[in-house]
Peer 1: 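A single structure is presented below for examination.
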Amino acid sequence: MDKPFAITLDPGSSLANLTGSWRTLRPEYVDRLPPCNAACPAGENIQGWLFHAESGNYEKAWRSLVENNPMPAIMGRVCYHPCEGACNREQVDSAVGINSVERFLGDEANKHGWQFAPAAPPTGRRVLVVGSGPAGLSAAYHLTRMGHQAVIYEAGPLAGGMLRFGIPKYRLPREVLDAEIKRLTDFGVEIQLQTKVTNVLEAMKDGFDAVFLGVGAHIAKRAYIPAGDACKVLDAVAVLRDMEGESAPLLGRKVVVYGGGNTALDVARTAKRLGAEEAIIVYRRTREKMPAHHFEVEEALQEGISIKWLTTIKEAGMSEDGGDIMVEKMALDDKGFPQPTGEFERIEANSVVLALGQDADLSLLDNVPGLVVNKGMIEIDAGMMTGHPGVFAGGDMAGNERTVTVAVGHGKLAARAIDSWLRGETWVPPPRHELATFERMNPWYYSDAPKTMRPVLDIIRRQSTFDEVLGGLDETNALFEARRCMSCGNCFECDNCYGVCPDNAVIKLGPGKRFKFNLDYCKGCGICATECPCGAIKMVPEGN
Amino acid sequence: MSFQPVKFYQTGTFTVGNRLLPPEERSVQSSDKRFNSINSGHRACQGCGEALGARYAIDAAMEATNGQVIAANATGCLEVFSTPYPETSWQIPWIHSLFGNTAAVATGIAAALKVKGQTQTRVVAQGGDGGTTDIGFGCLSGMFERNDDVLYICYDNGGYMNTGVQRSSATPSAARTSTTPAVGSAPGNVFGQGKFLPAIALAHDIPYVATATVADLRDLEAKVRRAMEIRGARYIHILVPCPLGWGTAAHDTIRMARLAKETGTFPVFEAEYGEIKSVLAIRHPLPVEDYLKPQKRYAHLFGKQPKVDVIAHLQAQADRNIKRYGLLEQGTR
Ligand SMILES: Cc1cc2nc3c(=O)[nH]c(=O)nc-3n(C[C@H](O)[C@H](O)[C@H](O)COP(=O)(O)OP(=O)(O)OC[C@H]3O[C@@H](n4cnc5c(N)ncnc54)[C@H](O)[C@@H]3O)c2cc1C
Ligand SMILES: Cc1ncc(C[n+]2csc(CCOP(=O)(O)OP(=O)(O)O)c2C)c(N)n1
Ligand code: SF4
Ligand code: SF4
Ligand SMILES: [Mg+2]
């Protein structure tokens with residue numbers, strides 16, 4: 001070969017030099033569990049559906065969401081969103097408005113009439129679901145998806161449980177509830193109304209292979225209050241249930257509500273909307289001890305509800321002129337328990353509504369062998385099965401945490417366990433991914449963008465009408481809100497690893513396909529792992 | 001202002017790419033068709049900031065000129081790790097000259113191209129801080145003063161890293177190098193008058209001067225793109241952390257560059273004809289300790305008895321940068 005002076009070799013490429021052999025640590029792509037997902041009682045893949053919402057593909061986002069929860073429009077209104085409490089973005093500026101995006105997706109689905117993807121082929125198995133509250137609806141939906149025939153027996157005249165007969169309209173408009181229930185019945189969930197189950201084992205003889213119980217907790221807890229005729233004593237669940245009837249309950253001009261939970265607040269706010277001049281909540285303990293959520297207390301106070309902390313009711317309507325009650329001031333002792341002080345006061349009242357919690361009516365289980373009931377709650381195993389094989393339970397009757405979202409999660413879990421049980425197997429929860437903690441992320445890459453607030457109905461209309469208090473997001477701000485998600489622990493294809501590698505050892509596989517390491521050249525410096533914004537790369541020691 | 005921030009897209013402007021951006025707004029480095037001007041298999045250390053900075057800059061220049069770039073390269077790590085005869089990582093026309101004459105070689109190439117009428121082909125000269133601020137300084141200043149049509153890129157890792165971490169005139173005050181050891185009454189590099197070459201380039205009133213770091217890719221790419229739009233002498237000074245010389249973890253290279261910028265230790269700005277046009281503002285101000293502590297070359301400042309006076313002196317230098325360049329006020333964001 002003719003080579004220039006002093007040149008003896010052909011030019012070669014450095015590709016011949018496999019620098020991967022220097023490596024002692026190897027990068028690996030991982031999917032970590034985002035804290036929002038970990039906190040969602042319904043087990044939603046929030047990061048997963050936000051990923052689609054970010055690109056404006058709301059239908060795909062909705063489809064991804066309803067794989068776990070069939071009622072986003074409802075959830076987007078009534079869920080207490082523990083996801084947002086856990087959201088890592090809180091540590092950057094403020095949590096992602098997950099709940100408002102969820103509501104936006106649910107409303108989009110109702111607007112466009114999106115239907116669920118077809119269910120699996122029929123298995124020929126039939127499952128009875130008792131109760132059409134969120135637990136029952138969720139169980140029936142997931143069973144139907146798996147190809148089983150789910151039939152709901154519901155004692156009441158309409159489906160929805162506490163969604164309809166508890167939560168007031170100003171928080172959950174009934175058109176929204178009806179639309180999501182209708183989608184479920186269109187999907188194949190059968191609901192038989194006015195069908196009260198009094199004996200479960202008897203009811204199962206209608207050709208059912210298993211049963212899921214979601215009867216809720218509807219028996220109002222009582223407190224003994226001596227009462228005269230001039231002041232009515234009612235219970236909160238009954239008052240709220242009557243709100244769905246022909247005529248609104250008569251509460252009078254001055255209404256006192258006894259209790260400190262969300263139900264107490266809902267009744268007081270309902271009374272105000274029914275025209276009560278005064279709605280006063282009387283609660284034994286302090287504001288900090290109140291089980292109601294902070295934002296609900298705030299909303300109630302804005303609407304003119306007053307709250308008497310550290311107070312108990314001694315008697316109602318017993319004085320000479322009748323229309324009042326006697327209350328006693330309390331003080332907290334060293335252990336934080338309220339103790340009577342002997343200081344009394346009279347408050348004008350035409351009615352007292354007791355909102356002291358509910359117990360479950362378990363009479364339909366009276367002669368079922370093997371069942372264990374503990375403190376009025378039915379005992380279940382990790383797969384939601386009671387002590388009687390084939391009888392599963394969830395929702396308010398089976399847990400201490402009584403929320404719609406927990407009920408939906410129970411229903412899903414039970415459906416999976418029932419599916420296994422029907423095949424003669426035992427359901428085992430899938431292993432959880434490692435948590436995507438904030439420390440594992442590189443927040444530098446997220447630009448500052450505070451949360452979008454939802455519009456709130458003006459105060460006049462909130463005091464007189466049952467219009468929905470909290471508005472929704474529109475397309476632009478829902479998109480913005482979705483894009484605030486940092487995709488904790490899950491690659492969102494930001495190209496950082498691909499860009500920052502000094503050795504070009506990251507291969508870009510194309511949209512939706514993520515990346516791959518080229519271990520022939522990766523020296524294992526770990527810049528990719530340090531600079532991955534969402535913490536989706538892990539360095540593992542190289543074996544010998 | 002050459003760097004237009006992308007309006008809020010999930011993670012804003014700070015990541016290399018973003019699946020939600022229209023293709024024309026994406027960075028060069030995010031493309032699966034980027035040139036990879038310096039290819040895999042090079043012998044740079046794990047986590048080398050210089051290898052990364054060179055690919056960022058030259059890929060951007062290639063993109064801006066449709067692949068019409070010739071590069072002259074001074075002796076130094078970049079040359080040695082990429083091109084041990086007869087093998088090379090460069091996928092562009094590239095020539096190695098000497099340690100000190102790269103600017104002059106590039107000037108010659110530009111002159112030859114002009115004579116041949118091939119002015120669409122652009123010339124880039126590149127070298128380390130030693131090759132640029134010390135031995136190559138005369139050639140470089142001449143290139144500026146003649147306004148030769150060359151983009152000179154200095155990869156500043158704060159020392160003669162290739163020959164074993166000796167001090168250069170760009171080595172920061174108090175840093176330990178093999179020629180400024182951490183012994184004696186005033187350990188580490190002296191607090192001299194400093195020699196910040198971007199400011200000297202600025203004083204030549206050449207068409208374009210900019211600084212950048214490997215921590216702000218989009219800013220760096222925008223500056224190279226801007227430089228390629230201009231004819232005449234241009235200078236870009238890129239801070240490229242060196243894990244070996246700085247005593248930092250290989251995975252912290254970009255983090256170190258980011259800290260240099262956020263503490264004000266390294267000002268990031270852009271100037272045309274001697275006038276500063278924009279600065280990359282500090283996003284989250286930090287004390288210099290945050291930058292110094294992870295580096296073993298400053299370990300002697302942080303023993304049992306931290307040398308608070310030295311640290312305060314370094315903080316004063318950073319504060320001076322912040323004030324002089326307005327790093328907290330103006331900016332491109
Ligand atoms: C006023 C109020 C407001 C609330 N607000 C919220 C809120 O904002 N967010 C939130 O997350 N949670 C809220 N909750 C709690 C939430 O409503 C419940 O946790 C949830 O509805 C429980 O669901 P479930 O399916 O277990 O029971 P339920 O919703 O109570 O449904 C049980 C259903 O079973 C039926 N049933 C009962 N016995 C039988 C029988 N023997 N045969 C056939 N059918 C039967 C009932 O008629 C009912 O329809 C609120 C509760 C109340 C009372
Ligand atoms: C005239 C001359 N003197 C000394 C050397 C030895 N030498 C090679 S590279 C180098 C240091 C390079 O330092 P710098 O330019 O900062 O580049 P870095 O290696 O740090 O990237 C030296 C001193 C040489 N090649 N030529
Ligand atoms: S930023 Fe996104 S993925 Fe992370 S916790 Fe919040 S909603 Fe979930
Ligand atoms: S010594 Fe520093 S500049 Fe040289 S190859 Fe290693 S990391 Fe890069
Ligand atoms: Mg150097």
Side-chain angles (χ1 to χ4, degrees), chain A residues 7-19 22-25 54-56 442 444-449 480 482-487 492-505 507-512 518 520-531 533-534 539, chain B residues 5-6 8-20 26-32 34 36 38-56 81-91 214-215 217 243 249-255 258 262 283-284 333:
Chain A
I7 300 291
T8 52
L9 296 169
D10 288 324
S13 159
S14 63
L15 288 177
N17 186 26
L18 301 185
T19 50
W22 304 9
R23 197 172 54 241
T24 55
L25 292 172
E54 280 151 30
S55 61
N442 190 333
W444 163 263
Y445 290 99
Y446 302 100
S447 61
D448 318 284
F480 176 86
R483 287 179 175 181
R484 293 184 60 243
C485 172
M486 307 192 293
S487 192
F492 60 106
E493 300 184 19
C494 73
D495 295 326
N496 251 23
C497 52
Y498 177 66
V500 300
C501 175
D503 294 280
N504 315 339
I507 299 165
K508 182 166 170 163
L509 298 173
N518 183 348
D520 282 347
Y521 299 107
C522 164
K523 294 171 185 160
C525 68
I527 294 183
C528 54
T530 303
E531 299 306 321
C534 69
M539 299 303 292
Chain B
V6 178
F8 193 74
Y9 271 102
Q10 186 176 41
T11 62
T13 48
F14 305 111
T15 53
V16 166
N18 191 310
R19 68 187 175 104
L20 302 170
R26 296 187 186 184
S27 68
V28 175
Q29 285 304 309
S30 71
S31 166
D32 55 356
R34 73 182 184 208
N36 279 338
I38 170 165
N39 211 349
S40 308
H42 60 69
R43 288 155 161 86
C45 303
Q46 289 173 324
C48 173
E50 189 160 274
L52 186 61
R55 194 189 73 225
Y56 282 179
F81 71 58
S82 67
T83 316
Y85 176 75
E87 169 190 292
T88 187
S89 306
W90 291 101
Q91 310 207 70
V214 285
L217 168 73
H251 60 79
D252 272 344
T253 297
I254 290 180
R255 185 168 85 98
R258 182 179 302 133
E262 291 291 271
R283 271 178 82 201
H284 308 298
R333 285 183 314 106

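Proteins come first, then strands; the chains are lettered A, B, ... in the order of their sequence lines, and each starts at number 1.
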Peer 1: Of all of G53(B), S89(B), S30(B), A54(B), which one pairs up most often with chain A through heavy atoms under 4.5 Å apart?
Peer 2: S30(B)
Peer 1: Counting only heavy atoms closer than 4.5 Å, note whether E262(B) contacts chain A via side chain, backbone, both or neither.
Peer 2: side chain
Peer 1: With a 4.5 Å cut-off on heavy-atom pairs, point out which of T530(A), D495(A), N442(A) contacts chain B the most.
Peer 2: D495(A)
Peer 1: Counting heavy-atom pairs under 4.5 Å with chain B, which one of C525(A), S14(A), G12(A) comes out on top?
Peer 2: S14(A)
Peer 1: Counting heavy-atom pairs under 4.5 Å with chain A, which one of R255(B), H284(B), E87(B) comes out on top?
Peer 2: E87(B)
Peer 1: Drop me the distance from C534(A)'s SG to F492(A)'s CZ, to the nearest 0.5 angstrom.
Peer 2: 5.5 Å
Peer 1: Of all the heavy-atom pairs spanning R19(B) and E54(A), show the shortest one and how long it is.
Peer 2: NH2-OE1, 3.1 Å
Peer 1: Quick check for you: among C501(A), P502(A), G526(A), which has the greatest number of heavy-atom pairs under 4.5 Å with chain B?
Peer 2: P502(A)
Peer 1: Quick check for you: among I507(A), T19(A), D503(A), which has the greatest number of heavy-atom pairs under 4.5 Å with chain B?
Peer 2: D503(A)
Peer 1: Compute both the distance and the angle, then confirm whether R34(B) meets the cation-pi test with Y498(A): under 6.0 Å from the six-membered ring centre, within 45 degrees of the axis.
Peer 2: yes
Peer 1: Pairing donors with acceptors under 3.5 angstrom, does anything connect the side chains of Q29(B) and R55(B)?
Peer 2: yes
Peer 1: Considering only heavy atoms, which portion of S31(B) lies under 4.5 Å from any heavy atom of chain A: side chain, backbone, both, or neither?
Peer 2: backbone
Peer 1: Identify, with sequence neighbours excluded, every residue that meets side-chain contact (heavy atoms from CB on, under 4.5 Å) alongside L15(A).
Peer 2: S13(A), Y521(A), N39(B), S40(B)
Peer 1: Identify whether NZ of Lys or CZ of Arg in R283(B) sits under 6.0 Å from the centre of the six-membered ring of W444(A) and within 45° of that ring's axis.
Peer 2: yes
Peer 1: Would you kindly say whether R26(B) and N18(B) are connected by a side-chain donor-acceptor distance under 3.5 Å?
Peer 2: no
Peer 1: Tell me, for I254(B) versus chain A, whether the close heavy atoms (under 4.5 Å) come from the side chain, the backbone, both or neither.
Peer 2: both
